[in-house]
*Asks:* 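Structure incoming, see below.
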Amino acid sequence: MADKYDIRMLSPDDVYFSRGNGGVLQGVVDGQPYDELIIYRAFPFRYTDSYISIRNAKDEELGIVKEIHELNEESAEELTKELQFRYFLPRVTRVDSVKFKSDLWLWELQTHLGPTRMAMRNLHEHLQYPGGGRVILTDMHGKRCEIPDWQALDAHSRRQLEEVL
Amino acid sequence: MNQDQLPQNLRNKDKDEVLFSVRTDLLSDGSFGEQWLTVTAQEVAVWGQEEAPNVRLPIVKVKDARAAGAIGGGMLVADTQDGPVVVARYTAAQTSTFSFAAKLISALAKQEELPVVSERDIPRTCPSCGNPLLDGTKVCPFCMQSSKLAARMLRYAKPYKMQMGFAALLLIMTSVVELAPPYLTKVIIDDVLQTKDMGSTLLLLILGLGVTMLLQSAMQTIRGLIGVWVGSKLMGDLRKDIYKSLMRLSLSYFDRRQTSQFIGRVNGDAEAMRQFMTDGVTYLSGEVLRIVAIFIIIFSLDWKLSLFALLPVPVMVIVSMTIWPKIERRWYQQWRSTFRLNTLVGDALQGIRVVKAFGREREETTRYEEANGVVVRNNIRMEGLWQFVFPIFGFVAGIGTLLIWYYGGRNVLHDRMQLGELMALIAYLGMLFGPLQWISQMISWANSAMASAHRVFEIMDTPSEVPDTHDPVPLGVIKGDVSFEHVTYGYEKHHPVLKDVNLQVKAGEMIGLVGHSGAGKSTFINLICRFYDSDEGTVRIDGVSIRDISQSDLRRQVGVVLQETFLFDGTIADNIAYSKSDATPEEIMRAAKIANAHDFIVRLPDGYDTRVGERGHKLSGGEKQRVAIARAIIHDPRILILDEATASVDTETERQIQEAISRLVQGRTTFAIAHRLSTLRNADRLVVLDRGKIVEVGTHEELLSKEAGVYRKLVDAQRELSQIKGVEG
């Protein structure tokens, strides 16, 4: 019998993910079908594509998928897509402007999911630096964007960021 | 009313009345874009730019709906007969709106009473610019002029307007007096020295020079003294206001922040604001005054030459305009890195035991060094910019002087101008560029002051999340009935810790709260104390909603003994009488006696006058706990809350505390949380919480008799544990 207090690592053969007609992630885990699955990143900053916690609709953990790319193609694709939905973290491709206007920092951003703007009350509580050139921006409402490596952005964006990071 | 009105073309498409509509900010594929969700009594639809809706879901097919929160966003999911369906996706900004939409759809599907939109469900935005409005304020930060910040800051100077006015008058006079010497010099050179006569006039003029110098020094001294006086007063007022705001804020504000940062803020930011208001404002107005006066004088001396003096001025303005925002940002950058460094030190020193225990001194030092390096780098960048600023201004000013020397000198050589006049012009020019250079100093003052003011007003403007009602219901002495009606609460709104909790407690009843850690026990009592406001449902005391009771009234009725006893710096007597500062010594002793604390306190060398708290005598955990119980006893609350009051003490002490508690709970409505279930023996009823829900309610015996009950499992688990302990012991 499996130990209740051990982490269950799911091997690529144990799981199969697909998308239901309603657009909800579903799948088969250990031969058991589930019409709704919830997933979490165990290390959202450090390992974005590894250690994915798979849970049923009641939020009970079924197991952990170690590497997404080890899964079969469809499963991997659906899992990646679901992660993008759940961890709404658009990648910033360009920083149009960072302005400090009347008590708020306003960011005009281009992301891989389209343009957006963010408003923050201050910088020291809304910017996170997980390491490297990575920056996580969180705005007043909890909306988040990610700059994977700010040094790698174009010159205009870097100029905008230089004064605020 | 919803700010985002449903577009007209969509409104006509549905013949049914639209009950609720909202604009999402995400498309179904998760990218940014606009869609509209409409809910009618018959169906739920999502509309994009196209004629036909993207999603169409008849209500009859829907069983339930929920807003599934994720990170940075979420999705509205409808559970249908054919399985769950994602209706719409949204970013975190709209979480509350979609939670409401889910509730509405769910109510429609289950044919229950429809919920009503409350203001809290809709994120408030500014009607003119669409930017988010902050809770509790109607002023849009964007449409508000930034000068309001300065105006608001200056409001602190209002009580001292007499003194400030006098200082301003002195300032005007000093400026005028300062302008006299060059003119007198001109007269001496042109009318006395050049003509070489009127010996007595020379003496008179020199006397005049001396008097102006004396006047100048005297007025500067007086002005300085007034400045110091007003400044200190202002600083005091500011600090008081900031501290008051901090005390007013709800607990959840502090939960999200490291407390160590506030100390620096309160002092540093108030100082920066004071500096600006006293020195900054007087200097600024004085210099402006002087510049205007100098212009008038030099123009009347020689207007053509004066035009040369004007040449560098626009350059100076442009330079300062481009440098201004740069400096502001670097200033803030530097402040942030220093702030991080301070937090690091604060954390490490507070956790010094952990650091030492794990032998991480070297790693902590490395961490400090890294942060320190950033501070050094930012410092160099910031100060480097400064080093750049002054020479540039100096150079530009120098060019103006050179021009005057050249053209003025030629005029003197050709006898079109007198030497004294040229000397006076050059002296005035020096005085003119002086203040212009000082304006950059003003920039720095204004910058740091604005940044500070911004942070300070941020604290002051943060609305308390548990606002006091405008017309509170007078309570008087309450009976102590407490009821929870459909109470849901989460520290993060989308992640409820308590879910739909219902409980009726009669006055004088003792309720034991039981459950695993994280089950919501502490949250439960935090809501009774109104440290937080429930997201949904109401907590009532004697039938009155807790939100309609003024907080001071409420606190008078509720007494708390917490797990972590905090004793303030002061004597034991002070600490016992914390909530009743006019308590007599007898009352204090009586309370201590009931709390089983009297005996040990009297045995202390300093008795009730023993200093406790951070710098005082170290009491043991059990002793502290009993002092805290005495504090609750003297408070004489109708409702008593005991949060793990007997945790982390030995059995004998626990017995003593138990005894004290059993005396304390007499005739009071009591809520007790205890890790050791045996301590809840005396409870009238036990409430078992599991994952935020009440799963069992009943007496110890009733619950124990349930074969597969949660409580029974807990008791069994503890019994097992204590048996193991027994063997070990």
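To find a chain, count down the sequence lines: A is the first, B the second, and so on, and within it residues start at 1.
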*Asks:* Only distances under 3.5 Å count here; give the side-chain donor-acceptor pairs of residues 86-93 of chain B to other protein atoms, sequence neighbours excluded, each with its distance to 0.1 Å.
*Replies:*
residue: B:Arg89; atom: NE; partner: B:Ser28; partner atom: O; Å: 3.3
residue: B:Thr91; atom: OG1; partner: B:Asp25; partner atom: OD2; Å: 2.6

*Asks:* Could you give the distance from CZ (B:Phe32) to CD (A:Gln110), rounded to the nearest 0.5 Å?
*Replies:*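 Here the rounded value is 10.5 Å.
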*Asks:* Please indicate whether B:Lys693 has more than 12 foreign heavy atoms, meaning atoms of other residues, nucleotides or ligands, lying under 6.0 Å from its NZ.
*Replies:*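 No.
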*Asks:* Surrounding CZ of A:Arg134 (heavy atoms of other residues, nucleotides or ligands, distance under 6.0 Å), is the total greater than 12?
*Replies:*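 Count over threshold, so yes.
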*Asks:* I'd like to check the side chain to side chain contact (heavy atoms under 4.5 Å, CB included) partners of A:Tyr47; sequence neighbours left out, ordered by chain and number.
*Replies:* A:Phe43, A:Ser50, A:Tyr51
*Asks:* What residue in A:Lys143, A:Arg86, A:Arg144 has the most heavy-atom pairs under 4.5 Å with chain B?
*Replies:*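 Answer, by heavy-atom pair count under 4.5 Å with chain B: A:Arg86.
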*Asks:* Quick check for you: among B:Asn378, B:Leu27, B:Leu26, which has the greatest number of heavy-atom pairs under 4.5 Å with chain A?
*Replies:*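 The answer is B:Leu26.
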*Asks:* Pick one of side chain, backbone, both or neither for A:Pro115, based on which atoms fall under 4.5 Å of a heavy atom in chain B.
*Replies:* backbone
*Asks:* Tell me whether A:Arg41 at atom CZ has more than 12 heavy atoms from other residues, nucleotides or ligands lying less than 6.0 Å away.
*Replies:*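 More than 12 heavy atoms, drawn from other residues, nucleotides or ligands, come within 6.0 Å of this atom.
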*Asks:* I'd like to know whether CZ of B:Arg367 has more than 12 heavy-atom contacts from other residues, nucleotides or ligands below 6.0 angstrom.
*Replies:*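 Count not over threshold, so no.
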*Asks:* Around atom NE2 of B:His516, are there more than 12 heavy atoms of other residues, nucleotides or ligands at under 6.0 Å?
*Replies:*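 Open.
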*Asks:* Find the one option among B:Arg340, B:Arg381, B:Arg336 whose heavy-atom pairs under 4.5 Å with chain A are most numerous.
*Replies:*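 Heavy-atom pairs under 4.5 Å are most numerous for B:Arg336.
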*Asks:* Please classify the contact of A:Glu82 with chain B as side chain, backbone, both or neither, using a heavy-atom distance under 4.5 Å.
*Replies:* side chain
*Asks:* May I ask you to name which of A:Phe85, A:Tyr40, A:Tyr87 has the most heavy-atom pairs under 4.5 Å with chain B?
*Replies:*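 Top count of heavy-atom pairs under 4.5 Å with chain B: A:Phe85.
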*Asks:* Report which part of B:Leu57 has an atom under 4.5 Å of a heavy atom belonging to chain A: side chain, backbone, both, or neither.
*Replies:* neither
*Asks:* Looking only at heavy atoms, which of residues 26-39 of chain A get nearer than 4.5 Å to chain B?
*Replies:*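 The list, in residue order, reads A:Asp35, A:Glu36.
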*Asks:* Hey, could you give me each pair passing salt bridge (Lys or Arg N to Asp or Glu O under 4.0 Å) that has a residue in residues 65-80 of chain A? Not counting sequence neighbours.
*Replies:*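 Listed by first then second residue: A:Arg19-A:Glu78.
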*Asks:* Sort A:Thr111 into side chain, backbone, both or neither according to what part of it lies under 4.5 angstrom from a heavy atom of chain B.
*Replies:*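 Looking at A:Thr111, just its side chain touches chain B.
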